[in-house]
Visitor: 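Let me begin by handing over the structure; questions about it come next.
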Amino acid sequence: MSRILVVDDDSMAVRMIGFILKKSGHECLSASSGAQGMALLKSENPDLMLLDIEMPGENGFEVLEALRRESGISDAKVCLMSGTVTDDLRERAEKLGAVGFISKPVSAAELMQVLSRTEI
């Protein structure tokens with residue numbers, strides 16, 4: 001069983017993703033902000049972080065950039081999520097080493113593809 005951290009300020013999205021993950025046998029941790037997500041990433045060491053781009057305060061790209069500079073967690077597997085998916089956003093995510101970029105609302109099939117690709 002994998003441990004997956006969902007970082008999203010939308011509690012409904014967190015619940016839906018958590019439901020999909022739990023149904024597929026994974027443990028779901030959650031955070032509602034980038035700062036909270038970084039703290040959980042450090043303390044809980046999940047197998048994957050699903051990180052929303054559009055959040056108040058630090059957006060997902062800012063969180064990912066900070067994470068990449070942070071010793072001990074810089075190599076964490078991160079998949080970005082957004083309701084707006086463009087080639088520019090995908091390219092930026094790729095440059096920051098994201099393992100995936102999925103659209104919201106998240107579908108079970110798309111989420112399972114990311115988990116399979118990252119061997120989780």
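Computation of the quantities below employed the complete heavy-atom set of this structure, encompassing side-chain atoms and omitting hydrogens, waters and symmetry-equivalent molecules.
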Visitor: Work out which heavy atom in I20 is nearest to a heavy atom in S107; give both atom names and the distance.
Guide: CD1-C, 4.3 Å

Visitor: CE of M38: more than 12 outside heavy atoms within 6.0 angstrom?
Guide: yes

Visitor: List the steps and the verdict of side-chain contact (heavy atoms from CB on, under 4.5 Å) for H26 and L115.
Guide: CA-CA 10 Å; H26 301 283; L115 296 180; 3.6 Å; yes

Visitor: So does E119 pair up with K77, basic N to acidic O under 4.0 Å?
Guide: no

Visitor: Is there a path of hydrophobic side-chain contacts, each under 4.5 Å between heavy atoms, that joins M1 and L21?
Guide: no

Visitor: Give, for atom CG of L40 and atom OG of S30, the distance between the pair rounded to the nearest 0.5 Å.
Guide: 8.0 Å

Visitor: How about CG on D87, more than 12 heavy atoms from neighbouring residues, nucleotides or ligands closer than 6.0 Å, or not?
Guide: no

Visitor: To the nearest 0.5 Å, how far apart are CG in D8 and CZ in R15?
Guide: 11.5 Å

Visitor: Are E65 and R69 ion-paired here, with the side-chain N under 4.0 Å from a carboxylate O?
Guide: no

Visitor: Between M49 and L89, is there a shared hydrophobic cluster once you connect ILVMFWY residues whose side-chain heavy atoms come closer than 4.5 Å?
Guide: yes

Visitor: Can you tell me how far the CG atom of L5 sits from the OG atom of S43, to the nearest 0.5 Å?
Guide: 9.0 Å

Visitor: Applying side-chain contact (heavy atoms from CB on, under 4.5 Å), can you list everything that pairs with V106, at least two apart in sequence or on another chain?
Guide: I17, M81, I102, K104, L111

Visitor: Show the nearest heavy-atom pair for residues V63 and G34, with the distance to one decimal.
Guide: CG2-CA, 3.5 Å

Visitor: Establish whether M112 and L48 are linked, either directly or via other cluster members, by ILVMFWY side-chain heavy-atom contacts under 4.5 Å.
Guide: yes

Visitor: Examine distances only and state if a side-chain atom of D52 and a backbone atom of V7 form a donor-acceptor pair shorter than 3.5 Å.
Guide: no

Visitor: Sequence neighbours left out, what passes side chain to side chain donor-acceptor pair (under 3.5 Å) with K22? Give chain and number order.
Guide: none

Visitor: Quick check against the 3.5 Å criterion: does R68 have a side-chain atom that pairs as donor or acceptor with the backbone of L96?
Guide: yes

Visitor: Indicate if V14 and M55 have the same hydrophobic cluster label, given that clusters are the connected sets of ILVMFWY residues with side-chain heavy-atom separations under 4.5 angstrom.
Guide: no

Visitor: Please check: side-chain N/O of R3 versus main-chain N/O of E44, any donor-acceptor pairing under 3.5 Å?
Guide: yes

Visitor: Check R90 against F101 and note the closest heavy-atom contact, atom names and distance.
Guide: NH1-O, 3.1 Å

Visitor: Exactly one of V99, L67, I73, L50 should register a side chain to side chain contact (heavy atoms under 4.5 Å, CB included) with V78. Which one does?
Guide: L67

Visitor: So, does Q36 use its side chain to make a donor-acceptor pair with the main chain of S32 at under 3.5 Å?
Guide: yes

Visitor: E91 and K95: salt bridge (charged side-chain N to carboxylate O under 4.0 Å, His left out), yes or no, with the steps?
Guide: CA-CA 6 Å; E91 187 176 306; K95 283 182 181 175; 3.5 Å; yes

Visitor: Calculate, to the nearest 0.5 Å, the distance between atoms CG and CG belonging to L51 and N59 respectively.
Guide: 8.5 Å

Visitor: Does a sphere of radius 6.0 Å around CD in E94 hold more than 12 heavy atoms from other residues, nucleotides or ligands, not counting ones at 6.0 Å or beyond?
Guide: no

Visitor: Taking a hydrophobic cluster as the set of Ile, Leu, Val, Met, Phe, Trp and Tyr residues connected by side-chain heavy atoms closer than 4.5 Å, whether directly or through intermediates, do I53 and L41 fall within one such cluster?
Guide: yes

Visitor: To the nearest 0.5 angstrom, please state how far the CD atom of Q113 sits from the SG atom of C79.
Guide: 11.0 Å

Visitor: Go through it in stages, so that I can follow the logic: the residues are E54 and S82, the test is side-chain contact (heavy atoms from CB on, under 4.5 Å), and I'd like the CA-CA distance, side-chain angles, deciding distance and then a yes or no.
Guide: CA-CA 7 Å; E54 296 149 6; S82 178; 3.0 Å; yes

Visitor: First locate atom OG of S2, then atom CG of D47, and finally report the distance between them rounded to the nearest 0.5 Å.
Guide: 4.5 Å

